[in-house]
K.L.:
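One structure, pasted below without further comment.
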There are 2 protein chains.
Amino acid sequence: MTALMARHRPTLYKAIDACNKRYSWTAYPESPSSKIWGAKPPVAGKENFEAMLGSDYPLNQPGEVGRTGAEVSPYTGEPLDITYPKTDIDTLYEAIAVAMPAWRDANPETRLGICLEILDRCAGQLFENAHATMHTSGQSYIMAFAGSGANALDRGLEALAYAAKAMADVPATAQWERQFGKSGAARLDKKYRLMPRGVGVVICCATFPLWNGYPALCASLATGNPVVLKPHPAAILPVALLTTVARQVLEEEGFDPNLVSMVADTRDAPATMALLEHPMTAIVDFTGSPAFGEWIEQHCSDKLVYTETAGCNSVVIESCENLEAMAGAIAHSLCQASAQMCTSVQNIHVPAGGIRVGDGHASFDEVAAALVAAVDKHLHNPQVLCGTLVDEAILATIERYRGLAADHGQLLRDSGPLDYADFPGARTASPLMLEVTEAARDIYRDEIFGPVSFVIKGADAEACLRDATTNARERGAITSHVYSLDEAFLDRAEMAYHNAGASVACNLIGMPINFAAAYSDYHVSGLNPAGNACLADLAFVASRFRIVQSKRM
Amino acid sequence: MTALMARHRPTLYKAIDACNKRYSWTAYPESPSSKIWGAKPPVAGKENFEAMLGSDYPLNQPGEVGRTGAEVSPYTGEPLDITYPKTDIDTLYEAIAVAMPAWRDANPETRLGICLEILDRCAGQLFENAHATMHTSGQSYIMAFAGSGANALDRGLEALAYAAKAMADVPATAQWERQFGKSGAARLDKKYRLMPRGVGVVICCATFPLWNGYPALCASLATGNPVVLKPHPAAILPVALLTTVARQVLEEEGFDPNLVSMVADTRDAPATMALLEHPMTAIVDFTGSPAFGEWIEQHCSDKLVYTETAGCNSVVIESCENLEAMAGAIAHSLCQASAQMCTSVQNIHVPAGGIRVGDGHASFDEVAAALVAAVDKHLHNPQVLCGTLVDEAILATIERYRGLAADHGQLLRDSGPLDYADFPGARTASPLMLEVTEAARDIYRDEIFGPVSFVIKGADAEACLRDATTNARERGAITSHVYSLDEAFLDRAEMAYHNAGASVACNLIGMPINFAAAYSDYHVSGLNPAGNACLADLAFVASRFRIVQSKRM
């Protein structure tokens with residue numbers, strides 16, 4: 001066993017156990033509190049980030065043919081002025097081809113040990129990553145530290161747990177002996193060897209650059225495939241930090257650092273298609289827009305494709321014990337990360353006749369008002385909860401839906417800028433909330449990226465459920481919620497969402513309902529248009545390698 | 001636990017253990033000897049088969065719009081005169097849609113128990129199946145009993161073992177509890193549910209109708225997907241027998257028999273495309289020609305596609321201990337099932353300078369002569385070993401390559417009809433063997449279906465290996481063989497074949513070298529053009545279902 005594997009094996013085994021039993025566990029604390037980390041790392045992380053501003057980020061990759069990068073902080077509106085290598089893809093892939101055989105021939109434990117070390121070192125730069133994520137993806141400091149940091153590292157470890165399980169399913173050797181007819185007897189020594197597929201391209205998204213970055217890298221790299229990371233042009237730095245760590249660890253362990261590389265680009269000169277079209281690319285992991293995800297699923301039929309995109313996540317409200325608590329839980333989803341998460345709620349279905357609340361009743365209008373009030377309440381400290389908007393285009397989106405309100409329903413809550421003491425120029429928007437009926441379903445069935453949501457008046461709870469589950473099936477859903485005091489309704493709702501290919505959470509209050517727990521929540525079902533792959537299950541890793549064997553008499 | 005699962009669980013557990021350790025084991029004896037089966041079953045099986053001739057095979061499937069079927073026995077040249085339902089696909093699929101929910105909602109153990117029972121009952125009709133396979137696929141009685149019978153049942157059980165493992169990896173429930181910040185605490189009961197993909201279409205081949213029939217049916221059905229079996233128009237009856245058994249068992253266990261159905265057709269009015277194009281079809285298992293397999297891989301990007309096709313399987317001869325024994329082993333592959341197996345050898349690479357044999361030497365011509373002599377020797381009882389030709393077109397293929405001999409090398413051994421006492425009109429051909437050089441590589445790199453092989457003169461053993469492995473990578477290989485007394489050469493050969501995405505067998509003699517052992521040999525690597533799927537590994541089953549979950553506070 002390698003030294004790295006010996007050091008990290010307890011963590012891997014614990015992760016495997018957690019995946020098998022799906023209890024609550026984390027390997028990477030998600031709080032940036034100095035009580036956990038000590039006083040120095042938070043300060044050092046910020047200093048390290050600031051030192052990178054205005055610099056040429058070094059990667060020493062083959063095929064560098066200039067510099068690229070045009071990141072702008074959503075907090076300051078200022079460019080980061082960091083440049084990254086602009087890459088000639090063919091030259092890079094030639095270098096990757098040289099790197100592949102030694103990695104292919106390394107045993108699974110060696111590869112797993114290196115991946116575990118990469119995650120461990122990334123955990124040591126969570127503060128740098130948090131600032132880098134804030135000033136590219138625009139997330140709040142807390143969310144940047146957790147969502148695209150510690151929580152994503154857990155997903156990476158989870159992917160390694162499944163990779164370890166899938167690879168361990170194939171024994172290294174076997175003895176085989178049998179009689180053929182009267183005369184023939186055969187005694188064979190067999191060896192089984194895991195073979196990688198080829199280059200894994202990981203297309204990261206703008207809002208959570210490493211959410212799929214860590215797990216996809218781990219899944220492909222541990223199973224023997226080199227990885228090319230393709231960051232979104234708006235959020236390169238977090239991916240560059242991972243790339244550096246991975247290359248360092250590989251080199252220290254005697255492998256070619258080109259087994260992990262990054263191809264940065266700008267919106268004006270995109271590089272993604274060249275990666276997708278390269279014949280050595282065998283695996284594509286994609287997180288981003290449904291439109292591009294679907295395109296990749298349809299057009300990369302000669303590659304393994306794993307997508308996570310987005311849908312129109314819904315809430316169905318049938319009844320509740322405490323209106324304020326429920327509204328607070330839902331409103332949290334509308335506010336958190338300015339509803340730019342793949343788990344953010346968009347469509348809130350409420351019966352026209354209102355709902356039972358404990359022993360009483362609340363009218364439709366009272367429910368809507370409670371939701372608006374809960375959003376307002378969450379906005380008392382918006383910088384921590386909402387962060388900023390990753391993309392200027394979201395402001396135009398909000399403008400467009402504001403304009404649709406009068407014709408298709410009414411404005412329940414207007415969106416406006418948020419006031420951040422630390423960053424007066426931050427690009428922000430509070431939630432825009434529209435009240436509509438099912439007549440507006442062509443509008444609310446689209447995935448709308450950003451803080452736009454709908455309170456949808458349905459005929460009754462069953463109609464609400466029918467609409468929400470139909471939309472999940474046809475337009476995608478990553479999370480779905482139901483609130484009801486009626487066990488029979490909850491059972492029907494579970495069945496309806498499941499049969500629509502969607503998971504569902506019931507009566508969540510007092511916790512961030514957007515939260516998806518690594519090792520416990522299967523994230524993305526793969527049965528509806530919001531993606532074809534799950535973080536993480538056996539299917540996420542089992543096809544990334546193949547088996548060849550030899551037998552000798 | 002269901003009664004079926006209780007009855008068959010020891011078999012399933014043994015199969016799982018065999019897959020994990022990959023020793024020699026079988027659940028289904030491959031010999032048709034009455035010493036194993038008793039005197040009655042062989043006789044009854046033949047009588048049952050004969051009673052089906054000239055009849056309307058009953059399936060009682062929805063959507064029957066007439067009768068179809070035009071099977072002709074390669075042994076007698078006579079039509080079987082059996083008709084099967086001609087099916088309106090939309091009507092059938094509507095019935096399948098009705099059948100799906102109960103099967104989806106059945107627990108994995110219930111589904112596994114039913115699949116185990118289906119295999120067990122099919123084992124009870126191996127004699128009927130053997131005669132049906134003889135008189136459609138044209139195999140010998142022995143091979144029909146084993147290759148598309150008992151051995152294929154083992155592959156079906158193997159697929160169930162992997163399906164059981166993959167499904168068991170997902171727990172049914174979990175308790176999850178954690179603190180969020182200072183105030184929020186969450187305690188969730190989680191349920192995980194396996195969801196099928198949709199209809200699995202299984203396209204069976206003409207030569208071994210149930211080789212992929214049993215495993216693909218088991219893999220899809222056990223994981224909750226209904227199955228539509230699509231037999232080759234030349235070999236419908238064996239698939240019909242399986243269909244009947246599956247429908248009976250399902251119905252007895254209270255499920256809708258339409259969970260398994262068969263769509264028969266003729267060459268003139270093929271039905272395959274309608275199945276592939278149906279939106280409910282989510283999974284395609286294909287065994288057949290490389291051309292159609294590749295077409296399906298490229299054009300069914302919205303479906304899961306598992307293919308096993310064919311390549312140009314090779315032998316590289318570097319040296320050997322006993323020329324006659326080696327030649328006998330290779331010649332067996334050229335003769336067995338008239339080289340219509342996916343594991344049949346086509347290209348035999350021999351160094352121009354000859355080879356070391358024990359302490360002596362054999363020239364190229366002596367090696368070639370030994371191979372020809374060994375073939376002739378195997379033909380002393382051809383009916384048992386060779387069987388017949390499944391397709392008239394193979395005779396034209398032989399004619400074509402005979403014509404190419406003079407221009408591209410020389411005829412080592414001409415093909416001619418074989419003499420079968422029991423069936424004087426049988427469609428047969430003995431092996432055609434050509435001697436060529438690498439100048440003829442455009443010819444021998446094609447997959448040639450039927451008893452045509454090449455003894456290829458290479459510059460030296462390294463050149464032979466280079467040519468063979470290049471062809472495996474570029475044109476596909478399911479089996480590859482090397483004969484050498486030099487351990488270093490064997491190591492190099494293993495590495496070269498593996499890096500070409502091919503498995504390899506070394507120095508096999510005294511056993512049928514075409515044999516691939518269920519539970520031990522991973523059949524098809526998925527890394528070269530001879531197919532993308534393996535019988536069987538976790539990847540063969542892990543994606544056939546997805547996971548949805550519910551969580552309740």
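Chain A is the first sequence line, chain B the second, and so forth, proteins listed ahead of strands; every chain is numbered from 1. Note that these values count all heavy atoms, side chains included, but never hydrogens, waters or copies made by symmetry.
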K.L.:
Would you mind checking which part of B:R544 comes under 4.5 Å of any heavy atom in chain A, side chain (CB onward), backbone (N, CA, C, O), both or neither?
P.N.:
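Neither part.
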
K.L.:
What part of B:R22 lies closer than 4.5 angstrom to a heavy atom of chain A: side chain, backbone, both or neither?
P.N.:
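Both backbone and side chain.
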
K.L.:
What part of B:D521 gets closer than 4.5 Å to chain A, counting heavy atoms only: side chain, backbone, both or neither?
P.N.:
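For B:D521, backbone and side chain are both near chain A.
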
K.L.:
Between B:Y23 and A:W176, is any pair of side-chain heavy atoms under 4.5 Å apart?
P.N.:
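Heavy-atom side-chain distance check fails, nothing below 4.5 Å.
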
K.L.:
Heavy-atom distances under 4.5 Å only: say whether A:D189 touches chain B with side chain, backbone, both or neither.
P.N.:
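Neither; nothing under 4.5 Å.
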
K.L.:
Report which part of A:L188 has an atom under 4.5 Å of a heavy atom belonging to chain B: side chain, backbone, both, or neither.
P.N.:
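Contact with chain B involves the side chain of A:L188 alone.
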
K.L.:
Under a 4.5 Å heavy-atom cut-off, does chain B meet the side chain of A:K190, its backbone, both or neither?
P.N.:
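The answer is the side chain of A:K190.
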
K.L.:
Does any backbone or side-chain atom of B:V482 lie under 4.5 Å from a heavy atom of chain A? Answer side chain, backbone, both or neither.
P.N.:
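The answer is neither part of B:V482.
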
K.L.:
Side chain, backbone, both or neither: which part of B:A502 has a heavy atom under 4.5 Å from chain A?
P.N.:
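The answer is the backbone of B:A502.
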
K.L.:
If I measure from the heavy atoms of chain A, does B:D537 come under 4.5 Å with its side chain, its backbone, both, or neither?
P.N.:
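The answer is the side chain of B:D537.
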
K.L.:
If you look at every heavy atom in B:D169 and A:Y522, which pair is closest and at what distance?
P.N.:
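Closest pair (atom of B:D169, atom of A:Y522, distance): O-OH, 4.2 Å.
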
K.L.:
Does any backbone or side-chain atom of A:Y162 lie under 4.5 Å from a heavy atom of chain B? Answer side chain, backbone, both or neither.
P.N.:
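Just the side chain, heavy atoms under 4.5 Å.
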
K.L.:
Examine whether an atom of A:R552 lies under 4.5 Å from a heavy atom of chain B, and if so say whether it belongs to the side chain, the backbone or both; otherwise answer neither.
P.N.:
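Interface part for A:R552: both.
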
K.L.:
Is a side-chain donor or acceptor of A:Y192 paired with a backbone partner of B:S520 at a separation under 3.5 angstrom?
P.N.:
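At least one qualifying donor-acceptor pair exists.
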
K.L.:
With a 4.5 angstrom heavy-atom cut-off, is it the side chain or the backbone of A:V541 that approaches chain B, or both, or neither?
P.N.:
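Neither; nothing under 4.5 Å.
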
K.L.:
If you count heavy-atom pairs under 4.5 Å with chain B, which of A:V524, A:N499, A:N532 comes out on top?
P.N.:
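If we count pairs closer than 4.5 Å to chain B, A:N499 comes out on top.
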
K.L.:
Do you know which two heavy atoms are closest between A:L527 and B:M195, and how far apart they sit?
P.N.:
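Result for this residue pair: CD1-CB, 3.4 Å.
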
K.L.:
Which distance, rounded to the nearest 0.5 Å, do you find between the OG of A:S503 and the CZ of B:R546?
P.N.:
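A:S503 atom OG to B:R546 atom CZ measures 10.5 Å (nearest 0.5 Å).
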
K.L.:
Quick one: does B:R193's side chain get under 4.5 Å of A:M495's, heavy atoms only?
P.N.:
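Side chain of B:R193 against side chain of A:M495, heavy atoms only: contact under 4.5 Å found.
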
K.L.:
Can B:S550 and A:E494 be counted as having a side-chain donor-acceptor contact under 3.5 angstrom?
P.N.:
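Yes.
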
K.L.:
Could you report the tightest heavy-atom contact between A:R197 and B:G526, atom names first, then the distance?
P.N.:
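In this case the closest contact between A:R197 and B:G526 is NH1-O, 3.9 Å.
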
K.L.:
Which atoms of B:F545 come close to chain A, meaning under 4.5 Å heavy atom to heavy atom: side chain ones, backbone ones, both, or neither?
P.N.:
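Nothing of B:F545, per the 4.5 Å heavy-atom cut-off to chain A.
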
K.L.:
Tell me the closest heavy-atom pair linking A:A542 and B:A539, and the distance in Å.
P.N.:
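So the two residues come closest at O-CB, 3.5 Å.
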
K.L.:
Looking only at non-hydrogen atoms, find the nearest pair between B:F515 and A:K551 and report the distance.
P.N.:
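For B:F515 and A:K551, the tightest heavy-atom pair comes out as O-NZ, 3.6 Å.
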
K.L.:
For B:Y497, which atoms come within 4.5 Å of any heavy atom of chain A: side chain, backbone, both, or neither?
P.N.:
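Contact with chain A involves no heavy atom of B:Y497 at all.
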
K.L.:
For B:Q549, is it the side chain, the backbone, both or neither that has a heavy atom under 4.5 Å from a heavy atom of chain A?
P.N.:
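Both parts, backbone and side chain.
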
